[in-house]
Every structure is written in C-alpha cells, then in structure tokens.
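This report refers to the structure that appears directly beneath it.
Throughout, a chain's letter reflects where its sequence line sits, starting with A, and its residues are numbered from 1. No hydrogens, no waters, no symmetry mates; every other heavy atom, side chains included, goes into these values.
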Amino acid sequence: MIWDAVWLSLRLSAVTTVILLAVSLPLAWWLANTRNRLKPLIEALTALPLVLPPTVLGFYLLLLMSPDAPLGGFWLRLTGDTLTFNFAGLVVASCLYSLPFAVQPLQTAFAGLPSGMMQAAATLGAAPFDAFRSVALPLARRGVLTAGVLSFAHTLGEFGVVLMVGGNIPGSTRVISVEIYSAVETLEYRTAHILSAGLLVSSFAVLVLVYGVGRSRWRV
Amino acid sequence: MSDGLSFDLTIRHPGLDLRLWADLPARGVTALVGASGAGKTSLLRALAGVLPATGPITLNGDRLDPLPAHRRGVGLVFQGAMLFPHLSVAENIAYGAQRAGTPGPEVERVVQALDVGPLISRAPDTLSGGEARRVALARTLAARPRLLLLDEPLAGLDPARKRDILPYLARAIRSAGCPALFVTHDTNESLALADRQLRIAGGRISDTAMDTALIPGRVARDGAGATLHVAGQTVPMPFAAREDEPWGLVVAPGRATFLGGDGPRVTDAPAVLPARIVSVASESVTVDIDGARIDWPLPDAATKGLQTGDSCAIALQTPIFRLVSET
C-alpha cells in the first residue's frame, strides 16, 4: 500500500514536471521579455496558487472538471473517462498548483540575461528559436534546474488540491500526503512516520540541491 | 544597382529621436563620432536589425531593412564583447561560422589574422579585455559579414592594450572585404583606422571631412621591433607590425607641427617628415609630403616670408599609423 502511494506520487511528480517545464519555458520567456499591458495580469494569475488555499483551488477545479462542466465534459467525450477522481485530473490540478514554482525561477533567470547576448546571437545568424536554444537556455540552466526540482518537490508534497480533485482512491489517487492523512486517521502512526520522514528528508535534500548545487559558473 | 551602404533611418525611442541618412562606399572604413547619447550605438543597432527603426537600408543594391537581424549578414561587434560565457573561444568563433557556412580554411585565416589561436580552448571569463575584443572580432568576421559594425571596439582598454590590439583591428577590418563603420570617441583611433568620418549631432548625421594625408611607407623589422620607412625617414612603430606590411603615417594639421623657414629645425618629435611648399595663401599653405598634398592652416603672420618651392617639415609628436587600403 505504501509503495503504491510512493510510486503514484513519483509518477505524478515526474509527469507534472515535464508538462510544467514545456509550458513554463515559453510562458516565462514571454513574461521576461514582454512589455504587454497584460503582463501584470498574467503574472498575478500565474502566482495565484502561491497565496490561494489549496482547498479553494481544488474546489474550483472540481467544479471545472466535473462531467457537466465544459472541460470535464470535453475530457469525458475524448477519453470516455472523467477527469475527477483519476490520475489525469491529478496531473491537471498539479500543473496548475505548481505553476508558479516553475514559471518564477525561469522568469527570473531569463530576465537576468544580458539583452546583448540574444542580439549577438541574432547578428551571428541565429534565428530566434535557435538563439533561445543555443544561448538563452544554457545560460538560464540554473533557473531551469530550480524550476524542475521545485515543481517535482512541490507536486510530491501536495495534499489539499489532490484530495479535493482526486479523493482518496488507493492505487489511483491516493498519493503520499493522502496516505499519511489516512494513516493518522486510522492511528497507523508507524506508516505515517515512515512516509512523513521520507517526505521531510527528500524535501530537505531538494532544497539543498536548489540552493547549493548548480551555482552559476559563468559571469553573464 | 548602387554599390555601398545607403540608409535613411528614423529611430524613435523614449529620449531618442533620430533621422539619419548617409551613403558609404562599398569598401573602406568610416568612423562614427559624436557626443555620448547622440545615437551612435543606436544607429549601429538599427543597421544590424536589433533595434527597431523605419526607413530603407540598402547594401550593394539589396534592401536589408525588411529582413530580420539573423538574415541581414551584418556583423556587429558589441562594446562589451558579448562572448557567450557557456562556450569556449573556439565554440564562440564557430557559432557564427557554422550558421554562415564559412569554410574551415577561411575561419582559420581569421583566427590567424587576429592571433587568437593560442586562446582557442580557453573559456571567455579567463580572457583579458584585449583578448576578449579580439575573439569577439574573430567571431564576427568568421560569420563572413557583408557589413561590419564595431561599437567602440577599444573602449575600456588601457593605452598599452589599445596599442597592442589596434594593428589586429586594422588588419581584420581591411581583410573583411566589406564596408566597416565603427563608433569611437577617440580622434587617434579615428585617424588610425578610418578613411572618412561621420558625425552625429542634434539627431542628424553629417559628413566630417578628415583633413589628413596618408604617407605610405614600408615596415622593416629588426631585433628592437618594427620601424616604418616613410618619406626618407625611419620612424619607430609602437606595435608589432609585420615585415613589408603597407602601413603609412597619418599627417593631420591639428595633430602635427609645421616647421617652416630655412633655419635649424629643433624638435624632439619622434617623426619629422621633410616637405615642400607648393602654394601659399593668406592663412594656409599647401605642402607636399612625399607626393601627398595637404592644406595646412597657419596664422596670417606665419605665412609671410613663405614661398612656393620652399622646403619645410612636419613634426609628428605622436605618430599615428594607418594600414594603407588596397585599391
């Protein structure tokens, strides 16, 4: 049972991290470089999960993903399965919940690049995407690493949103944090201790990695 | 189809309102001078396509302005070198060369011309300021630009470093085979590198005639260094010019002293070129220095007693050397 929860949490964190990096790289690049008037609005929307109680986010996601709502209905017609109370719903919820942990380190890293670097690449014949891939991304690699690690770790430890959207279905939506909650409710403190200590140690290790490893070697 | 570079640009940004137009020849070096904030760097960036501007830019008959920066073939050497810190020197140079499809031997020629071979495996953050400028120039030239733009290529270097890098810069610009436009605040740099000079002031550009003569010479090397044999004189050169390179001595009235009359010519100037007066006007004389003629403004009183055919001399307190362009 414990390993089911651990495996589910790791799988959810990995999938969420991959999707978040794919979505956040262009979004963070745009936010770092745009002067669009909508920028503050998009930044606020992106940062909302940082301040919103997970239950509030989970509640609205639950409504949005229900088979009667456009998103949930679309998913049901597409896959024959509901978004709520299964793995796909957890992934969507986790992506939204961990979005600021991916976007903000990337945006900071991109904003810190000297504008002349991209201009130099352009005058050397690099098209915009080529310059992004060959210059901006390697120079912002610490931000990419931080975004990936924080997204993974934050998803690994999430509770409220997962419980609201996925419930507590063993092997399907019962992630580590929900397993701990269930263990405490049923007075299985040993299980709760093992999982809690595991999360504590892994979270600490992740933060040490973020703060201590991958320091920029290059002055830019 | 006209040769050379023509532009008529309007550049408007907060605090900047420029309307700049000029025609430059298909070869040769033009210095762009003007006060800080006049828009020199903005003009270079607009020509390179990395700063928005409106108006036509034509290079050898081709319109550049509709093209994005990466398709213009305009090389821009940035003031701060802007080397990519995550790439080695070799990878920096290869960056533009690969995208331009420059053949290996041509890249090697650039590497040799700028003497960056010994730096090739180094990381950019281990280079000195002068080395970084040479690598930045090599990186730009390896991309085979159709137009070379240099934004204060020697800014921030101490005089010794400037003196060292100047011959490399001169050779590189000369071998680029395309028009070059460089921003400078330093009159000596302008005289040492440029055939002509444009000035930006008040949001407009004007052609500033450089009243200079270039006296061609021949470089000879010995154990003590390089000397330039010019107009029958031997002038020590402050940098490592190569044997038989076509360097010349720049003579400009504001940077040299006219020594007239038949009396003894006592001067501690390191270069004194014999000359002959070919005409005398009320406030100037025209002198011939080894076949090159130049008008020399003089106070009215100083021209009295001077006659056509008189011998005279030009004393150069700080000799300025320029690589003679192939025509």
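The two residues B:Pro85 and A:Met117 come nearest to each other via the heavy atoms CD-CE, 3.7 Å. Annotation for B:Tyr95 and A:Ala126: closest pair OH-CB, 3.4 Å, computed over non-hydrogen atoms. A:Pro114 and B:Met82 get closest at one heavy-atom pair: CB-CE, 4.2 Å. Nearest heavy-atom pair, B:Arg99 versus A:Leu124, reported as atom, atom and distance to 0.1 Å: CB-O, 3.8 Å.
Against chain A, the residues from residues 48-55 of chain B that qualify, each with a non-hydrogen atom under 4.5 angstrom away, are B:Ala48, B:Val50 in number order. Among the residues in residues 137-150 of chain B, those with a non-hydrogen atom closer than 4.5 angstrom to a non-hydrogen atom of chain A are B:Arg139, B:Thr140, B:Ala143.
Side-chain N or O atoms of B:His70 include none that pairs as donor or acceptor with a backbone N or O of A:Ala121 at under 3.5 Å.
Within 6.0 Å of OH on A:Tyr181 lie no more than 12 heavy atoms contributed by other residues, nucleotides or ligands. Annotation: A:Trp29, atom CH2; neighbour count of heavy atoms from other residues, nucleotides and ligands within 6.0 Å is above 12. Counting non-hydrogen atoms of neighbouring residues, nucleotides and ligands closer than 6.0 angstrom, the CZ atom of B:Arg71 reaches no more than 12 such neighbours. Annotation for A:Phe59: atom CZ does not count as buried by contact number, only 12 or fewer foreign heavy atoms lying within 6.0 Å. The number of heavy-atom neighbours closer than 6.0 Å to CZ of A:Arg37, taken from other residues, nucleotides and ligands shown, is 12 or below. Under a cut-off of 6.0 angstrom, the local environment of NE2 in B:His13 is crowded, with over 12 non-hydrogen atoms contributed by other residues, nucleotides or ligands. More than 12 heavy atoms of other shown residues, nucleotides or ligands fall within 6.0 angstrom of atom CH2 in A:Trp30.
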